[in-house]
Amino acid sequence: MTDTVARAHEAGKTFANPGVSGAGQAARPAPLLAVHNVEVIYDKVFLAIKGVSLEVPEGAIVALLGSNGAGKSTTLKAISGLLGPERGQVTKGTVRWRGQDITRLSPPARVRLGIAQVLEGRRVFEHLTPEENLIAASTPIGNARRVRELVQMVYDYFPRLYERRNAKAGYLSGGEQQMLAIGRALMAEPRLLLLDEPSLGLAPVLVEEIFRIVQRINQEQGVSVLLVEQNARAALDVASYGYLMEDGRVRMDGPAEVLKANPDIQEFYLGGGAGRTSYRDVKHYRRRKRWLA
Amino acid sequence: MTFLAELAINGALVGLMYALVASGIVLVYKSSGVVNLAQGGFVMAGAYLVWAYIARLGLGLIPGILAAAASMGALGWLTERLALRRMIGQPVIMILMLTFGLEVVLRGAVPGALGADTKPMPIPISQAPVWLGDILINRTYILGGAVAVVMVALLAVFFRTRAGIAMRAVSDDHLAAWAVGIPVERTVALSWAVSGAVAAVTGVLWGAVQGVDWSLSLLLIKALSVAVLGGLDSLSGVVLAGLIVGVFESVISGYVDPFVGGGTREVVAAVVIFLTVLIRPYGLFGREVIERV
């Protein structure tokens, strides 16, 4: 067991937060998104994330993995600015967009810069039709003709939405709602798409389909993606780089291939590994590991 | 038979004017999910302002009405800006109490400042009735009904435009609206401003019917029963509900009042609220809570 722990440590050190070390190298251009040492406190008492740093380079798909309550959604909301309604606050650290500090910007202002978040649980406008959902999300776009082009583009990526464009969005299936939520985020012509658990509650076939489309959007539109997932396997298949969060901190990060090969990640997040069968053992082992880390 | 037709037609016209009062409630509810219990006070304040601008300051009829609409729009906007925005995230009951408190303040303050005695609304509508065959119709009601239909139609058109769709999106899900770049606060403030302006126009009509004094604010009860029956967020529902409430009220009080000595008019509205909430809580056309399985 100690052997595995040591390896995990090594992995952690090897790929420790390129964002932090990158700050020292003056010649490097600023990445699209750089989160530096961000701490978020809810309700002035609950410390949800404790000094998270991560980077999303232009054009990349980056995965943010971790179990329930690790602080992934909070990290996304710190980036998109949506902590306010939940009485959360960034108390330390900075969020930078192409080098510009946006930590205190309002959410609509961030959307206009090019950051669009797809919320966990889809959150489509239930009483509007899919088409109206898309039009409502076009508010930051001034030009009416451009809005029509964007709606058409979304329909091209998600033909299913076109078929159901006049139904109430609340009655769409879970997969269709997820497509609508992603399509809606595309209406503001984002440069960075923040996806919060797009696989939640969907059949594996659908998850695959949606991830394929996300990949196409990434390649064809040049939209970078920060993908929050519990489904680590699906996420690491499409992402080029990954961060693993645990207990409000980034525990480990590295290229997707390296993370996939890491025995700990295999055991805890990919469901493979050393053949430990009893959950109690796993739990005990995990807790021990957290203390040591 | 003539008596019944007369009651029904006059009742229907009055009902349309109720619908206009209720449309102010619907407008705010549609954007922010808040039931504005100060709408009666808004209508009364609007009527007082029209009277004050025309009779005291000597403005012409149309400039007076426009000035009152602008002032009431500002009052609505300020209400959102100064009071409701601080209440975001608070329990619904607190927001309801806030708007009701505003109603009480308006009821006391406006007559206190401008005079509590009943004043005639200074608009030139002939008191001579209109005859439709044997049926006697109140001229003011005809004007009121017509204005109500036009205003509600204009609002319905507005809700199909991009700004209107965005407003409906805001009412569905504040956080999601924020996430796609809709300036939620500004949208909600706009709905309050429009609702205030509508209240001023409504105040002119009702002031012409029953004179300008504090009792105009009692329209709140009628408007609430119409809005609840119509479904709180549906303009077509409000028109239909207005017709229903108006006709029932008029017919029932016409036949029953001689036996009980009057007052049934007020009972009808209360019974409507009561029965709607028991039998069809989301009203005739109100959106049901969509539950997908």
Side-chain angles (χ1 to χ4, degrees), chain A residues 76-77 80-87 106-129 131-142 144 147 168-174 176-177 180-181 183-190 194 196 201, chain B residues 26 29-33 84-92 95 156-191 231-237 282-283 285-293:
Chain A
L76 281 199
K77 284 181 183 152
S80 59
L82 293 174
L83 288 165
E86 282 155 16
R87 280 178 274 179
S106 82
R110 297 188 209 206
V111 173
R112 280 196 297 276
L113 281 178
I115 304 176
Q117 176 167 10
V118 177
L119 294 164
E120 184 177 3
R122 311 185 269 272
R123 309 279 291 254
V124 296
F125 302 124
E126 290 188 340
H127 299 92
L128 274 55
T129 65
E131 182 135 343
E132 287 173 334
N133 265 270
L134 297 179
I135 291 171
S138 72
T139 309
I141 306 290
V147 171
K168 266 191 186 173
Y171 292 117
L172 300 184
S173 74
E176 288 162 345
Q177 288 191 353
L180 180 55
R184 193 174 62 177
L186 291 178
M187 288 301 295
E189 303 192 285
L194 307 172
D196 198 347
Chain B
V26 169
Y29 187 83
K30 260 178 115 92
S31 77
S32 59
L84 278 128
R85 193 167 296 183
R86 291 157 200 262
M87 303 297 286
I88 290 174
Q90 301 292 330
V92 177
I95 297 174
V157 170
F158 168 72
F159 277 118
R160 302 251 149 234
T161 64
R162 264 173 87 193
I165 291 173
M167 199 176 271
R168 280 156 60 210
V170 167
S171 83
D172 246 17
D173 192 330
H174 276 202
L175 190 67
W178 231 19
V180 296
I182 300 173
V184 173
E185 295 101 325
R186 214 192 308 152
T187 308
V188 172
L190 175 70
S191 77
L232 271 178
D233 73 336
S234 158
L235 280 173
S236 43
Y282 40 85
F285 292 117
R287 53 182 188 194
E288 297 173 49
V289 176
I290 296 180
E291 302 245 20
R292 273 190 335 103
V293 190

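Chain letters run A, B, ... following the sequence lines, proteins first, then strands; residues in each count from 1.
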Report, one line per pair, each donor and acceptor closer than 3.5 Å where one atom sits in a side chain of residues 108-117 of chain A; sequence neighbours left out.
| unit_1 | atom_1 | unit_2 | atom_2 | d |
| --- | --- | --- | --- | --- |
| R110(A) | NE | L105(A) | O | 2.9 |
| R110(A) | NH1 | A78(A) | O | 3.1 |
| R110(A) | NH1 | I79(A) | O | 2.9 |
| R110(A) | NH2 | I102(A) | O | 3.3 |
| R110(A) | NH2 | T103(A) | O | 3.0 |
| R110(A) | NH2 | L105(A) | O | 2.9 |
| Q117(A) | OE1 | S80(A) | OG | 2.3 |

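Neither the backbone nor the side chain of L186(A) comes within less than 4.5 Å of any heavy atom in chain B. The contact between A177(B) and chain A is made by backbone and side chain atoms together, counting heavy-atom distances below 4.5 Å. Heavy atoms of S138(A) lying under 4.5 Å from chain B belong to its backbone as well as its side chain. Residue contact with chain B, scored on non-hydrogen atoms closer than 4.5 Å, involves the backbone and the side chain of L82(A) alike. Of the two parts of V118(A), neither the backbone nor the side chain holds a non-hydrogen atom closer than 4.5 Å to a non-hydrogen atom of chain B.
R168(B) places a side-chain N or O within 3.5 Å of a backbone atom of F159(B) that can act as its donor or acceptor partner.
With salt bridges taken as basic N to acidic carboxylate O contacts below 4.0 Å, none links E132(A) and R184(A).
Considering every non-hydrogen atom in both M167(B) and S31(B), the closest pair reads CG-CB, 3.3 Å. When all heavy atoms of A176(B) and L119(A) are compared, the pair lying nearest together is CA-CD1, 3.6 Å.
In terms of non-hydrogen atom pairs under 4.5 Å with chain B, the most contact-rich of L128(A), V147(A), L194(A), V124(A) is L128(A).
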